[in-house]
Each structure stands twice: as structure tokens, then as C-alpha cells.
Amino acid sequence: QVQLVESGGGLVQPGGSLRLSCAASGRAFSSYAMGWFRQAPAKEREFVAAITRSGGSTDYADSAKGRFTISRDNAKDTVYLQMNSLKPEDTAVYYCAAKIGVGVVRTTHSVDYWGQGTQVTVSS
């Protein structure tokens, strides 16, 4: 089992940047594929970005491509989401997600563990 704790959310102006972190504890972090999802009010939770266990491969939602970067540091048991050029439509609660095994975690039903979420608000 793994526990996930997100941090780094907040209020930012359009065009600004934020870096989210997700610290993991418990079972070996490097055995999990990791991802970020988000959920805006009255909307379903949606995929944002994913990274394989080794960090050698990443995947992004179309809305995130070119603006967001997912990375991980297996020595620190942490996954990051660097978000640049933020837009008001990026406003949501952002969740860290973990999936045991190979591949990427791209769908909510493939997630084995969730963090509690961190609020990101993009507004002037």
C-alpha cells in the first residue's frame, strides 16, 4: 500500500506557473506508475499526465501538452507536475494517482491509490 500527499496548489494569475508535488510513503515508490488527474466543479475527474515507473516515458492529455511537464524522483519518492501558461480552465482539484505495475495510469479505473487532492485556481 502507498500513501500519497499532494502539495503546491494555490491561486495563480492566468499565464502563471505552479509546481505540484506528490510525496509517497509506504511500498517502494519505484514499483508504481504515477499520474495526475483533475476535477473541476460539476465535472468528471479527468486525466492530465502520466509517467512510467522508471520515468522513461510520459503521456499527456491534449489540454496539457506543451504546457505541463510530469517528472519523478524515485530517490525522493516524489512525482511532480510543472504547470506553465496556466488558464482559467485549468482551475480544478488536482489529484495524484498511483498504479501498481507497468505502463501508464491514464484512466480513473486503472488507479490503485489516490491522494487527497490540492486546489489550483487560475484567476485574475
Practice task
Show the numbers, then the answer: is there a salt bridge (charged side-chain N to carboxylate O under 4.0 Å, His left out) between Lys87 and Asp90?
Solution key: CA-CA 5 Å; Lys87 306 173 181 179; Asp90 294 318; over 6 Å; no
Exercise for the section: Apply side-chain contact (heavy atoms from CB on, under 4.5 Å) to Thr69 and Met83, showing your working. Expected result: CA-CA 7 Å; Thr69 302; Met83 304 187 294; over 6 Å; no
Exercise for the section: Apply the test side-chain contact (heavy atoms from CB on, under 4.5 Å) to residues Val102 and Thr52: give CA-CA distance (whole Å), side-chain angles for both, the deciding distance (0.1 Å), then the verdict. Expected result: CA-CA 7 Å; Val102 300; Thr52 53; over 6 Å; no
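A 4.5 Å side-chain heavy-atom check between Gln13 and Val122 finds every atom pair outside the cut-off. Annotation: side chain of Leu20 is in contact with side chain of Thr118 (closest heavy-atom distance under 4.5 Å). At least one side-chain heavy atom of Val79 sits less than 4.5 Å from a side-chain heavy atom of Cys96. In this structure, the side chains of Arg53 and Phe29 stay at 4.5 Å or more apart for every pair of heavy atoms.
Minimum heavy-atom separation, Val105 to Ala50: O-CB, 3.5 Å. Residues Gly35 and Ile70 share a closest heavy-atom pair of CA-CD1, 4.3 Å. Considering every non-hydrogen atom in both Gly115 and Tyr95, the closest pair reads O-CD2, 3.6 Å. Of all heavy-atom pairs between Tyr32 and Ala98, the closest is CD2-CB, 3.8 Å. Among all heavy-atom pairs drawn from Pro14 and Ser123, the shortest one is CD-C, 3.6 Å. Residue Cys22 comes nearest to Met34 through the heavy atom pair SG-CE, 4.4 Å, listed as atom of the first residue, atom of the second, then distance.
The number of heavy-atom neighbours closer than 6.0 Å to CD of Glu89, taken from other residues, nucleotides and ligands shown, is above 12.
Rounded to the nearest 0.5 angstrom, Gln82 CD and Ser71 OG are separated by 8.5 Å. Between the NZ atom of Lys99 and the CZ atom of Arg106 there is a distance of 13.5 Å, given to the nearest 0.5 Å. Residue Ser54 holds its OG atom at 8.0 Å from CG of Asn74, rounded to the nearest 0.5 Å. Trp36 CH2 to Leu81 CG: the interatomic distance, rounded to the nearest 0.5 Å, is 6.0 Å. To the nearest 0.5 angstrom, Ser85 atom OG is 7.0 Å from Arg67 atom CZ. One distance of note links CD of Glu6 with OG of Ser21; it measures 10.0 Å at 0.5 Å rounding.
Note on Tyr113: it does not cluster hydrophobically with Val93, by side-chain heavy-atom contacts below 4.5 Å among ILVMFWY residues. A chain of hydrophobic side-chain contacts below 4.5 Å, direct or via other Ile, Leu, Val, Met, Phe, Trp or Tyr residues, connects Leu4 to Val120.
Checked against side-chain hydrogen bond (donor to acceptor under 3.5 Å, both in side chains), Lys43 has no partners two or more places apart in sequence or in another chain.
Not a single donor-acceptor pair under 3.5 Å links the side chain of Arg45 to the backbone N or O of Arg38. A donor-acceptor contact shorter than 3.5 Å links the side chain of Asp112 to the backbone of Ile100. Although no hydrogens or angles enter the test, the distance criterion places no donor-acceptor pair under 3.5 Å between the side chain of Thr121 and the main chain of Leu11.
Side-chain atoms of Asp73 and Thr78 form no donor-acceptor pair, as typed in the model, at a separation below 3.5 Å.
Taking the ring axis of Tyr80 as reference, the NZ or CZ atom of Arg72 does not stay both within 45° of it and closer than 6.0 Å to the ring centre.
Listed by first then second residue, pairs satisfying ring pair (Phe, Tyr, Trp, His ring centres under 6.0 Å) with a partner in residues 46-78 read Phe37-Phe47, not counting sequence neighbours.
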